[in-house]
Amino acid sequence: MNKIEELEKLLRTEVLIQVDEEIATIKKFLAKQKDSEDLKIELDYMLDVKKYYNQVISHIEKKILSEEDAVKILQDLEDMTDDEDDV
């Protein structure tokens with residue numbers, strides 16, 4: 001499996017699922033705390049994250065994502081996972 005295929009599998013089976021779950025959770029909290037600017041900012045951020053990863057998948061499907069870019073994105077995802085493990 002090349003890095004592009006690896007990235008696509010990871011995005012579809014883990015990352016976007018987690019992002020969707022996080023968005024749903026934030027929306028639930030926001031329903032209870034409608035005036036929370038922090039939650040609104042967090043929701044906007046997560047929606048941007050989802051949009052970005054959907055664009056990556058679109059680029060994979062159109063075969064315009066380079067192997068080099070896939071490696072960089074995989075490394076970023078790994079770094080984020082490492083950061084979460086440190087918390």
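The pair Glu68-Lys72 meets the salt-bridge criterion, since a charged nitrogen lies less than 4.0 angstrom from a carboxylate oxygen. In this structure, Glu6 does not pair ionically with Lys9, as no charged nitrogen and carboxylate oxygen lie closer than 4.0 Å.
Taken together through direct or relayed side-chain contacts under 4.5 Å among Ile, Leu, Val, Met, Phe, Trp and Tyr, Tyr45 and Ile26 form part of one hydrophobic cluster. A continuous path of ILVMFWY side-chain contacts below 4.5 Å connects Leu47 to Leu11, so both sit in one hydrophobic cluster. Val56 and Leu10 fall within a single hydrophobic cluster, where Ile, Leu, Val, Met, Phe, Trp and Tyr side chains are chained together by heavy-atom contacts under 4.5 Å. Following chains of ILVMFWY side-chain contacts shorter than 4.5 Å, one can reach Ile23 starting from Val15, so the two form part of one hydrophobic cluster. Val49 and Ile41 are assigned to two separate hydrophobic clusters, defined by single-linkage of ILVMFWY side chains at heavy-atom distances under 4.5 Å.
Between Leu43 and Leu39, the closest side-chain pair of non-hydrogen atoms is not below 4.5 Å. Annotation: side chain of Leu77 is in contact with side chain of Leu7 (closest heavy-atom distance under 4.5 Å). Here the side chains of Glu78 and Leu74 are not in contact, with every heavy-atom distance at 4.5 Å or above. Considering only heavy atoms from C-beta on, Lys28 stays 4.5 Å or farther from Lys32 through its side chain.
Going from atom NZ of Lys50 over to atom CG of Asp48 covers 12.5 Å, rounded to the nearest 0.5 Å. Within the model, atoms CG of Asn2 and CD of Glu8 stand 10.0 Å from one another, a figure rounded to the nearest 0.5 Å. Atoms CG and CD, on Leu16 and Glu14 in that order, are 11.0 Å from each other to the nearest 0.5 Å. For the atom pair CG of Asp69 and CD of Glu67, the computed distance is 10.0 Å after rounding to the nearest 0.5 Å. Atoms CD and OG1, from Gln18 and Thr13 in turn, are 9.5 Å apart once rounded to the nearest 0.5 Å. Here the CD atom belonging to Gln75 is positioned 9.5 Å from the NZ atom belonging to Lys3, to the nearest 0.5 angstrom.
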Output, in order, the C-alpha distance, side-chain angles, deciding distance and verdict of side chain to side chain contact (heavy atoms under 4.5 Å, CB included) for Glu21 and Ile17.
CA-CA 6 Å; Glu21 289 172 355; Ile17 292 169; 3.6 Å; yes
One pair to check against side chain to side chain contact (heavy atoms under 4.5 Å, CB included): Tyr52 and Ile73. What are the steps and the verdict?
CA-CA 11 Å; Tyr52 171 74; Ile73 295 167; 3.5 Å; yes
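Taking every heavy atom of both residues into account, Ile4 and Ala70 meet most closely at CG1-CB, 3.7 Å.
A side-chain donor-acceptor contact under 3.5 Å links Lys34 to the backbone of Ala31.
Remark: Lys40 NZ is packed, more than 12 non-hydrogen atoms of other residues, nucleotides or ligands lying under 6.0 Å away.
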